Amino acid sequence: MRIYLAVMVVAGWAAVTHGLITGSQRCNKNICVTGLHDDQAKTDTYTLAPPKGKTIPSDQFGWMSIGFGNKMAGSPMIIVWPNSDGTVTLSQRSAPGNVEPSITSNPARTASLVAASTFANSTSTSITFTLPSDSGASATSLNQTQLIWAYSKNNPGSSQNTAGIVQHDSAGTMTLPLLATWNPQSSNSTSSSGNSGSSDSGDSGDSGSSSKTALLAHAICGSLAVLLFLPIGTLVPRIARGFSLHRWWFPTHGIVNGVIGSLLVAAAFIISKVSFDGGDGGGSSHPALGTILFIAIIAQVALGIFVHWYKSSFHRFQTKSGRGPSNFIHMVLGVAIVIVGWATAWTGIDDEWPQFYAPGNVVWYKVILGVVIGVTGLSYLAGLAFLLPRQIRMERQARSQRESQYQLDKRAQRSDEIEMADTRSD
């Protein structure tokens with residue numbers, strides 16, 4: 001409530017002393033950023049606060065920041081944190097990449113704290129600052145102000161603006177439409193994602209729509225792969241081989257996993273690389289897991305082609321069933337890919353979806369994911385516990401039958417040779 005009042009104070013003061021105030025607010029599960037534009041005074045005012053419904057006392061507050069751009073490299077940043085003596089530090093910095101930013105001694109736009117609406121106490125923390133508007137920005141770019149944001153739970157422990165800071169716990173990108181009609185009351189009840197190009201009632205730009213469309217396509221492709229096709233493609237051979245030695249399951253396995261599943265993973269990966277720029281996945285491991293999944297699926301398809309189409313006559317590591325190391329690597333890698341796929345889906349829906357698409361906890365998706373994990377895991381374990389021994393027995397019996405048939409054929413051949421020799425001797 002106090003954060004809301006602080007934003008109201010800023011907006012009201014600016015409206016009375018200056019001119020028309022426009023702006024908007026963006027909130028995710030890590031941070032709330034309010035941006036207000038005063039067209040007459042040519043200033044922009046930003047408030048960095050905890051996410052809606054959450055308070056962060058000053059002694060638990062690390063640091064927050066925003067930067068003007070869509071990636072860390074080269075973006076002018078404003079980093080703020082409360083101090084133990086009740087003061088607040090503002091530090092303007094920049095970085096050439098994903099490294100600790102260094103102080104900017106002469107920033108192009110100098111930011112100043114707004115003491116009237118900044119507070120840091122045992123209840124919560126909210127920090128407001130103002131800076132000159134970007135004089136070179138067009139109305140279109142001003143209404144789609146690209147920001148990076150970051151939050152850390154670790155306070156620098158010093159009031160000096162040159163103090164060292166530890167790496168953020170979460171980070172991402174967002175777009176603030178600074179020319180949107182500003183309504184403080186609606187901002188208090190409307191939450192938006194930390195998304196590059198996200199929009200609510202005051203922002204209906206094509207950038208937000210296309211970004212959300214790309215994210216939705218990315219999520220659909222990835223979800224179909226890791227929740228449907230990859231688990232099915234992995235279970236089919238595990239279960240089928242426990243009932244029959246015939247390879248009727250192979251076309252299903254190859255099409256479901258090797259073609260459909262891998263193409264969906266590739267599509268999700270390509271969409272992410274083409275459409276999502278800036279940020280580091282909101283501090284999530286989702287991008288890294290997605291990359292691992294993409295690389296692993298390529299390796300698995302190549303290994304599968306080798307395993308199923310290349311048949312070596314014999315080597316010393318080959319089992320009696322004719323399987324070599326590549327077969328076992330293929331099986332283990334297949335299971336690992338399914339598990340990595342589930343982890344990728346979980347981090348995507350838990351970490352990134354609320355930030356970059358829609359706020360809130362997507363419970364129904366997590367329930368589906370949990371059901372898929374449970375059913376697939378139990379089915380695979382049951383296949384190992386009950387069907388694998390059966391498969392081994394059937395393969396042993398088949399080998400025994402082939403060996404017996406070979407011995408019978410060999411004795412018959414030997415008998416024929418003896419008979420022919422006797423005939424010639426007569």
Side-chain angles (χ1 to χ4, degrees), residues 225-226 228-263 296-342 372-426:
V226 303
L228 182 62
F229 290 101
L230 294 183
I232 290 176
T234 303
L235 283 176
V236 165
R238 175 67 276 140
I239 294 175
R241 287 184 294 188
F243 292 100
S244 173
L245 296 179
H246 297 293
R247 287 167 55 88
W248 59 265
W249 53 265
F250 175 69
T252 302
H253 171 69
I255 293 173
V256 172
N257 259 11
V259 179
I260 301 177
S262 60
L263 287 178
I297 205 80
I298 292 176
Q300 179 73 336
V301 171
L303 187 59
I305 293 173
F306 175 81
V307 166
H308 293 295
W309 272 283
Y310 174 75
K311 298 296 181 182
S312 175
S313 57
F314 179 78
H315 53 77
R316 58 179 177 172
F317 299 111
Q318 189 170 334
T319 64
K320 293 181 178 180
S321 62
R323 297 183 181 90
S326 58
N327 295 84
F328 295 102
I329 294 173
H330 183 60
M331 286 185 280
V332 172
L333 183 57
V335 174
I337 284 174
V338 172
I339 295 174
V340 171
W342 291 337
V372 170
I373 292 174
V375 171
T376 305
L378 289 175
S379 299
Y380 198 87
L381 290 175
L384 291 177
F386 302 106
L387 296 180
L388 180 58
R390 190 171 188 273
Q391 173 190 343
I392 293 174
R393 288 194 301 271
M394 289 192 303
E395 291 177 348
R396 186 183 298 117
Q397 291 172 359
R399 288 196 304 272
S400 178
Q401 291 174 1
R402 288 195 299 269
E403 180 64 25
S404 298
Q405 186 62 46
Y406 173 76
Q407 294 298 334
L408 288 174
D409 293 342
K410 189 175 181 180
R411 282 196 293 269
Q413 182 182 3
R414 179 58 179 166
S415 176
D416 291 342
E417 290 174 352
I418 294 174
E419 184 177 348
M420 290 177 63
D422 292 341
T423 301
R424 284 196 293 269
S425 63
D426 291 342

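Both backbone and side-chain heavy atoms feed into the values below; hydrogens, waters and symmetry mates do not. Since this is a predicted model, take the numbers as computed values, not measurements.
With sequence neighbours left out, the side chain to side chain contact (heavy atoms under 4.5 Å, CB included) criterion links Ile255 to Ile260. Take Leu263 and apply the side chain to side chain contact (heavy atoms under 4.5 Å, CB included) test, not counting sequence neighbours, and it matches Val259. Taking the side chain to side chain donor-acceptor pair (under 3.5 Å) definition, one finds that Gln405 meets it with Asp409, sequence neighbours left out. The side chain to side chain contact (heavy atoms under 4.5 Å, CB included) search around Gln413 returns Glu417, not counting sequence neighbours. Remark: His330 pairs with Gln300 by the side chain to side chain donor-acceptor pair (under 3.5 Å) rule, at least two apart or across chains. Residues that satisfy the ring pair (Phe, Tyr, Trp, His ring centres under 6.0 Å) test with Phe386, not counting sequence neighbours, are absent from this structure. Listed by chain and residue number, Leu245, Arg402 satisfy the side chain to side chain contact (heavy atoms under 4.5 Å, CB included) test with Ala398 (two or more places apart in sequence, or in another chain). When the side chain to side chain donor-acceptor pair (under 3.5 Å) test is applied to Arg241, no partner is found at least two apart in sequence or on another chain.
Within the structure, side chain to side chain donor-acceptor pair (under 3.5 Å) pairs that include any residue of residues 384-393 comprise Arg238-Gln391, Gln391-Glu395 (at least two apart or interchain).
Heavy-atom minimum distance, Gly261 versus Ala225: O-CB, 3.9 Å. Ser326 approaches Val307 most closely through the heavy-atom pair O-CG2, 3.5 Å.
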Mind listing the side-chain donor-acceptor pairs of residues 376-385 below 3.5 Å, one per line with the distance, residues two or more places apart or on another chain?
unit_1: Thr376; atom_1: OG1; unit_2: Val372; atom_2: O; d: 2.7
unit_1: Ser379; atom_1: OG; unit_2: Val375; atom_2: O; d: 2.7

Steps toward side chain to side chain contact (heavy atoms under 4.5 Å, CB included) verdict (Val256, Val236): CA-CA 10 Å; Val256 172; Val236 165; over 6 Å; no
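For the pair Trp249 and Ser244, the minimum side-chain heavy-atom distance is 4.5 Å or more. Asn257 is listed as a side-chain neighbour of Leu230, based on a closest heavy-atom distance under 4.5 Å.
Note that the CG atom of Leu387 and the CD1 atom of Ile392 stand 11.0 Å from one another [nearest 0.5 Å]. One finds the CH2 atom of Trp248 at 9.0 Å from the CZ atom of Phe243 (value rounded to the nearest 0.5 Å). Considering OG1 of Thr234 and CD1 of Ile337, their distance stands at 8.0 Å, rounded to 0.5 Å.
Using a 30° and 60° split on the angle between ring planes, Phe250 and His253 fall in the tilted class, from 30° to 60°.
With 3.5 Å as the limit, one finds no donor-acceptor pair spanning the side chains of Gln397 and Gln401.
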